[in-house]
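Presented below is the structure to which this report refers.
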Amino acid sequence: MTQPQAISLLEFNGRIKRLLTDPSVFNCWVMAETSDVRVNRHCYLELLQKNPNTGETIARARAVIWANTFQRLSYNFMQVTGQPFNNGMKVLVQVSVNYHEQYGISLVINDINPEFTLGDMARRRIEIIQRLKAEGIIDMNKELEWPEVPQRIAVISAQGAAGYGDFMNQLRNNPYGLKFYTALFSAVMQGQQTVPSVIEALEKIGANEELFDCVVIIRGGGSTTDLNWFDDYTLAANVAQFPLPVIVGIGHERDVTVLDYVASQRVKTPTAAAELLISKGANALARLNELSNAVVSIARDHMSSSAEQLAYLSSTIPMTARHIAERARLQLQQFMSNLPLHAKSRIVAENEKLGRTTDRIKANIEQLLLKEQMRVKSLDDKVQLLSPRNTLNRGYSLTLCNGKAVTDASQLKAGDVITSHFKTGHVQSTVK
Amino acid sequence: MEQELTQLTYSQAIAELEQIVQKMQSADCTIDNLSDYTARSLQLLKVCKSKLTETDEKLKKILAELDEEK
């Protein structure tokens, strides 16, 4: 077997290297996604292209940004996007291919267009927000009613984070003496684990929902923050639909994440989150003071107006009494001055009445006398008519025996002496 | 109205308090019920204030058990 003519690997790699001098692979703008970003003076990373539907990687290349370039580009990137140059970002980079016989192929990044990344982040955020809106859940947490004074607070933060310490100090040292009760549910607040870890903490709180008034999601500030991880649909949907009001304090001055759109309240820093809670308590205390002042002043007003009324009454009573006495006196005086006049007129009237009565009596007496006279005359006439003398005048005689009139002859016996009276004179006879 | 003070929640206490103050401000309030109203409202004020500024040890303990820092 004859040995085919061969070259060394180094020589072959040299041939590849010579092939890669074509201008089409020199300073070309490429869209890709970052991955495996490592900084060790120089910045090493992987550039990926994924199938937008399946997420499967369909192209991959190693890339490097030389230290002096990276210093300039990363600063500019941070200025524009507010984010450090990091994993999982859509980037527009100007690359040239670089082939090294020993290390193989890699892309050298000479420039980065941070506006592209910013636009992509904004677009992604807008997409998530629109989806939350379409599903009708974006305002759900904002519509929850806050308790009068939120005092029982579930905190989601990285354990030992400066921001958590600031938050706790602020609450503890509030100048109003308000008491807060907190429980920490620790979570990873940056990197790939952020979403599952924060959701897990939310679930733990949800299981003890009745113990808390609200949830506070905070993390320490600083320039190394990586807010990108919070622009996540699942996390935002969880926060939006959480049964307790949520305060989010994860950003800083310029940065807004999707969580800021769904949380009941958003603040810039953990300290501001604590201040928000303290101000709610302080408002409640102020209201209590107001009520307390109102109670005292109402009670005082009532007492003083009652006292005033009483004073008025006690001052008017003697005066009223005096008025009454005076009026009575005047009445009496008037009455007294009228008395003679009254008496005189009364006497005149009575006199007249008396005169009338006397006249009537006189008339009555006369009438009565006349009537009696008539009656006497009529009786006299009757007597005249019935008197025995009148009978005797007419020729009758009256026989008496022992002074009694004899009306029955059988009453007489022989020897009785009887007297017979006539119109004129009488005779005595003896019965035989 | 005469619910046990200790069993009142902050919301209940402040609601009753607001109601009483309203009554006190109205024409219905006479010197006869003034002292009842005043006494009750001062009690309620105390309850509300203590809920805000005095530590509820029972609650503190329950939440401490959930706290992962301890």
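This structure is a prediction, so every number in the text was calculated from the model and none was measured. A, B, ... follow the sequence lines: proteins, then strands. Residue 1 opens every chain. Heavy-atom basis, side chains included; hydrogens, waters and symmetry copies ignored.
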* Asked: What is the minimum heavy-atom distance between A/Thr182 and B/Leu63, and which atoms define it?
  -> O-CB, 4.3 Å
* **Within 6.0 angstrom of A/Glu209 CD, more than 12 heavy atoms from elsewhere** => yes
* **Shortest non-hydrogen separation from A/Ala284 to B/Leu52 and the atoms involved** => CB-CD1, 3.9 Å
* Which region of A/Tyr176, side chain (C-beta onward) or backbone (N, CA, C, O), has a non-hydrogen atom less than 4.5 Å from a non-hydrogen atom of chain B, or is it both or neither? -> backbone
* Asked: Of all heavy-atom pairs between A/Asn289 and B/Lys49, which one has the smallest distance, and what is that distance?
  -> OD1-NZ, 3.0 Å
* Asked: Distance from B/Tyr10 atom OH to A/Asp213 atom CG, nearest 0.5 Å?
  -> 12.0 Å
* Asked: For A/Lys179, does its backbone N or O pair with a side-chain atom of B/Glu54 as donor and acceptor, under 3.5 Å?
  -> no
* Where on A/Ser306 is there a heavy atom nearer than 4.5 Å to chain B: the side chain, the backbone, both, or neither? -> side chain
* Asked: For A/Glu308, does the CD atom sit with more than 12 other heavy atoms under 6.0 Å from it, leaving out its own atoms?
  -> no
* Asked: Can you tell which of B/Leu42, B/Ile62, B/Thr53 has the highest number of heavy-atom pairs within less than 4.5 Å of chain A?
  -> B/Thr53
* Are side-chain heavy atoms of A/Ile205 and B/Leu66 found at a separation under 4.5 Å? -> no
* Structure fact -> Rounded to the nearest 0.5 angstrom, the CD-CG distance for B/Gln25 and A/Asp301 is 10.0 Å
* Asked: When you look at CD of A/Gln241, are more than 12 heavy atoms from neighbouring residues, nucleotides or ligands closer to it than 6.0 Å?
  -> yes
* Asked: How about B/Thr38 and A/Val296: do any of their side-chain heavy atoms sit closer than 4.5 Å?
  -> no
* Separation of A/Arg152 CZ from B/Asp56 CG (nearest 0.5 Å) -> 9.5 Å
* Asked: Which heavy atom in B/Met24 sits nearest to a heavy atom in A/His302, and how many Å separate them?
  -> O-NE2, 3.8 Å
* To do: Kindly check if the number of other-residue, nucleotide or ligand heavy atoms within 6.0 Å of CD (A/Glu145) is above 12?
  => no
* To do: Would you give the length of the straight line joining atom CD1 of A/Ile298 to atom NZ of B/Lys23, rounded to the nearest 0.5 angstrom?
  => 13.0 Å
* Search all heavy atoms of B/Val21 against all heavy atoms of A/Ala294 and return the closest pair with its distance. => CG1-CB, 4.0 Å
* Structure fact -> When rounded to the nearest 0.5 Å, the distance separating CD of B/Glu18 from CG of A/Leu291 is 5.0 Å
* **Separation between NZ of B/Lys61 and OH of A/Tyr181, rounded to the nearest 0.5 Å** => 14.5 Å
* Structure fact -> Tightest non-hydrogen contact, residues A/Ala183 and B/Asp67, listed as CA-OD2, 3.7 Å
